[in-house]
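Read through the structure below, which is laid out as structure tokens, and then see the notes.
Here is how names work: the chains are called A, B, and so on, in the same order as the sequence lines, proteins then strands, and each is numbered from 1.
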There are 4 protein chains.
Amino acid sequence: MQFDNSPQAIYLQIVDYVCEKLLLKQWTIEDKIPSVREMAVKMEVNPNTVARAYDFLKQQSIIYDKRGIGYFISPEGLNNTISYRKQEFAEKELPGIFRTMYLLDVELDDLKTEFEKFKELYAKNQKLF
Amino acid sequence: MQFDNSPQAIYLQIVDYVCEKLLLKQWTIEDKIPSVREMAVKMEVNPNTVARAYDFLKQQSIIYDKRGIGYFISPEGLNNTISYRKQEFAEKELPGIFRTMYLLDVELDDLKTEFEKFKELYAKNQKLF
Amino acid sequence: MQFDNSPQAIYLQIVDYVCEKLLLKQWTIEDKIPSVREMAVKMEVNPNTVARAYDFLKQQSIIYDKRGIGYFISPEGLNNTISYRKQEFAEKELPGIFRTMYLLDVELDDLKTEFEKFKELYAKNQKLF
Amino acid sequence: MQFDNSPQAIYLQIVDYVCEKLLLKQWTIEDKIPSVREMAVKMEVNPNTVARAYDFLKQQSIIYDKRGIGYFISPEGLNNTISYRKQEFAEKELPGIFRTMYLLDVELDDLKTEFEKFKELYAKNQKLF
DNA sequence: GTGGTCTAGACCACC
DNA sequence: GTGGTCTAGACCACA
């Protein structure tokens, strides 16, 4: 995996990677996630960077640690992930989206049909994403 | 202006720059836009890159050229800009937005109040953006 | 300043140092606190360690940062400090205190007179502490 | 047992170890306590250090020695332990506790409910401590 | 093995 | 100058 030219900090990309796993139900409550060192090898980054990401996720109560054993998805992991990501979406993405929609005179209702189609398609083919 | 770490090709960023000027009504029909060389200096890029952007905009009938004089906003410039940008929005941005909303269980209706607030605020303070 | 033989992590000792300044009203709302590098020199530790402490305090909303300028005491800084320290006191100190009191058969009421005396004395001579 | 990073002198930690045994009723009047050499092995310290601790306890009339046989809990051992520890608590711990409580605006009455809960829990599970 | 902490030194963007 | 991020490599306590 490579992160080089992204504007997002690497440790936050690792945070998002874990969040995606949860949102896609690929990881669930009490699952052990890769150790700091494993993830560092997989992501080709310094272990410190992974540790920083995991520390961030721990503070969000998305994961917790058992010292000397590893990190695990916490019971409220999925809910906290959704909360965290909703806030990120509202603060970092929505303003840009709204601005574009405003300038192009697009209304939310104009997107309804397409969103419904998307949801249907996505639900069927989730494994492909 | 700097483009270094953006994922978007530089010439497309210049395309967007011109589109924004039109959407914000800062440039309008028959306005002369900066020459290729002027824009190249302003954007700190190679003139060839600007030429490529202007060529792209010409193909979209957003600008036209008078040989030896310069480039001008075409009569259908604003409409074509909106069409172009709507297509870009639908193809490049919407899928990601829909995916996020789906995973976070956010509905379009959940955004209505905020969008109205945004539009109100934006209309007032457009000069600031 | 030296931290070598304390069981507490250095970055948490720096956290406590800042908290004390707030609790003693030596630093107050909107005060600029020493820069990461200044504090690192003062405390004789690596700047990364100070950065970690400041990051912790930022997450507690005790301080906030202005990029390129420095860190400042946030408006809710004192309250959040008290909340944070109350929790630490309850979790880390109280159990040991209660155990000692239980084994020595000391009741809370037995301490009342002394606590009142302490408060009176402390309020007068706070500058000395 | 290890003492490395504790701020307390090692011989005083051994003193406290003996006191704890008495307070927890694990040792009682006329019990023979471990010999200096046994204790030195157990605590992984120099026998001189243990001797210093036992001498201190003898001066407090908590233990007494029968030449050539060993050290024993003295009849007033428990009471003297309590007296000794109460004084230590009042001189070494209370000031810090009072200072923290003062700065955090915590009153003794605020702790009553929790202390009662603690005592109840502790009385039940003493074997676990 | 695991996570937690710390140092040293580097580069970046922002002001 | 400021804070933010990242790497490299080290040592610790815990299990």
Side-chain angles (χ1 to χ4, degrees), chain A residues 1-18 30-59 61-74 92, chain B residues 1-6 44, chain C residues 1-18 30-59 61-74 92, chain D residues 1-6 44:
Chain A
M1 238 181 239
Q2 292 293 7
F3 300 104
D4 293 321
N5 277 326
S6 172
Q8 178 103 313
I10 293 176
Y11 84 94
L12 288 176
Q13 294 178 53
I14 296 173
V15 166
D16 282 343
Y17 175 84
V18 175
E30 301 301 346
D31 278 1
K32 184 179 181 305
I33 70 176
S35 78
V36 170
R37 287 165 179 87
E38 277 171 18
M39 187 66 98
V41 171
K42 179 176 190 172
M43 297 298 195
E44 299 173 41
V45 298
N46 190 286
N48 276 326
T49 304
V50 178
R52 194 172 177 184
Y54 282 12
D55 187 58
F56 183 92
L57 288 162
K58 190 170 70 175
Q59 276 157 12
S61 294
I62 290 170
I63 61 178
Y64 66 94
D65 70 304
K66 296 184 194 163
R67 293 279 286 260
I69 302 186
Y71 279 97
F72 299 82
I73 305 295
S74 69
K92 308 226 169 106
Chain B
M1 224 176 255
Q2 292 292 10
F3 300 101
D4 292 323
N5 276 327
S6 174
E44 299 174 39
Chain C
M1 240 182 237
Q2 292 292 9
F3 299 105
D4 292 322
N5 277 328
S6 173
Q8 177 103 312
I10 294 176
Y11 84 95
L12 288 176
Q13 294 179 54
I14 297 173
V15 165
D16 282 344
Y17 175 85
V18 174
E30 302 301 347
D31 278 2
K32 184 180 181 306
I33 70 176
S35 78
V36 169
R37 286 165 179 88
E38 277 171 18
M39 187 66 97
V41 170
K42 180 175 190 172
M43 297 299 195
E44 298 175 40
V45 298
N46 189 287
N48 277 327
T49 304
V50 178
R52 194 172 177 184
Y54 281 12
D55 188 57
F56 183 93
L57 289 162
K58 190 170 71 174
Q59 275 157 12
S61 294
I62 290 170
I63 61 178
Y64 67 93
D65 70 304
K66 296 184 194 165
R67 292 280 285 260
I69 301 187
Y71 278 97
F72 299 81
I73 305 295
S74 69
K92 308 226 169 107
Chain D
M1 222 175 258
Q2 292 292 10
F3 301 101
D4 292 323
N5 277 326
S6 175
E44 300 173 38

Original post:
With respect to the phosphate group of E:dC6, does any side-chain polar atom (N or O) of C:Tyr11 fall under 4.0 Å of OP1 or OP2?
Top reply: no

Side-chain N or O of C:Arg67 less than 4.0 angstrom from OP1 or OP2 on F:dG4?
no

Rounded to the nearest 0.5 angstrom, the CD-CD1 distance for A:Gln8 and A:Ile14 is 11.0 Å

When rounded to whole Å, the OH to P distance for the pair C:Tyr64 and F:dG4 reads 13 Å

Picking from E:dT7, E:dC6, F:dT5, the nucleotide nearest the side-chain atoms of C:Asn46 would be E:dT7

query: Within 45° of the axis and under 6.0 Å from the centre of the six-membered ring of C:Tyr71, does NZ or CZ of C:Lys58 qualify?
result: no

Of E:dT7, E:dT2, F:dG4, the nucleotide closest to the side chain of C:Ile10 is E:dT7

* Do side-chain atoms of C:Ser74 reach the backbone of C:Tyr64 as a donor and acceptor pair under 3.5 angstrom? -> no

DNA chain F nearest-nucleotide lookup for C:Lys66 and A:Gly68: closer to the 5′ end is C:Lys66

Taken to the nearest whole Å, CD/C:Glu44 to C1'/E:dC6 is 15 Å

Rounded to whole Å, CG of C:Asp65 lies from C1' of E:dA13 at a distance of 13 Å

Among E:dC15, F:dC6, E:dT2, the one nearest any side-chain atom of A:Ser35 is E:dT2

- Message: For E:dT2 and A:Tyr71 - does any side-chain N or O of the residue sit under 4.0 Å from the phosphate oxygens OP1/OP2?
- Response: no

Taken to the nearest 0.5 Å, the spacing of C:Leu12 CG from C:Thr49 OG1 works out to 11.0 Å

Rounded to whole Å, the NZ-P distance (C:Lys32 to F:dG1) equals 13 Å

Whole-Å distance, A:Arg52 CZ to F:dG3 C1', equals 11 Å

Looking only at N and O atoms, is any donor in the side chain of A:Asn48 or the base of F:dG9 less than 3.5 Å from an acceptor on the other one?
yes

To the nearest angstrom, the CZ-P distance between A:Phe72 and F:dA15 comes to 13 Å

Answer for the Watson-Crick or wobble partner of E:dC14, both distances under 3.5 Å, is F:dG1

**Item:** Phosphate OP1/OP2 of E:dT7: any C:Thr49 side-chain N/O under 4.0 Å
**Value:** yes

- Query: Can you tell me if the side-chain N/O atoms of C:Arg37 get under 4.0 Å from OP1 or OP2 in F:dG1?
  - Reply: no

Atom CZ of A:Phe56 and atom C1' of F:dT5 are separated, to the nearest Å, by 14 Å

| said: Let's go through C:Ile10 and C:Met43 carefully: what are the C-alpha distance in whole Å and the side-chain angles of both, what is the deciding distance for side chain to side chain contact (heavy atoms under 4.5 Å, CB included) to 0.1 Å, and is it a yes or a no? | reply: CA-CA 10 Å; C:Ile10 294 176; C:Met43 297 299 195; over 6 Å; no

Check: Given F:dG4, is OP1 or OP2 found less than 4.0 Å from the side-chain N or O atoms of C:Lys58?
Finding: yes

Rounded to whole Å, CG of C:Asp55 lies from P of F:dT2 at a distance of 18 Å

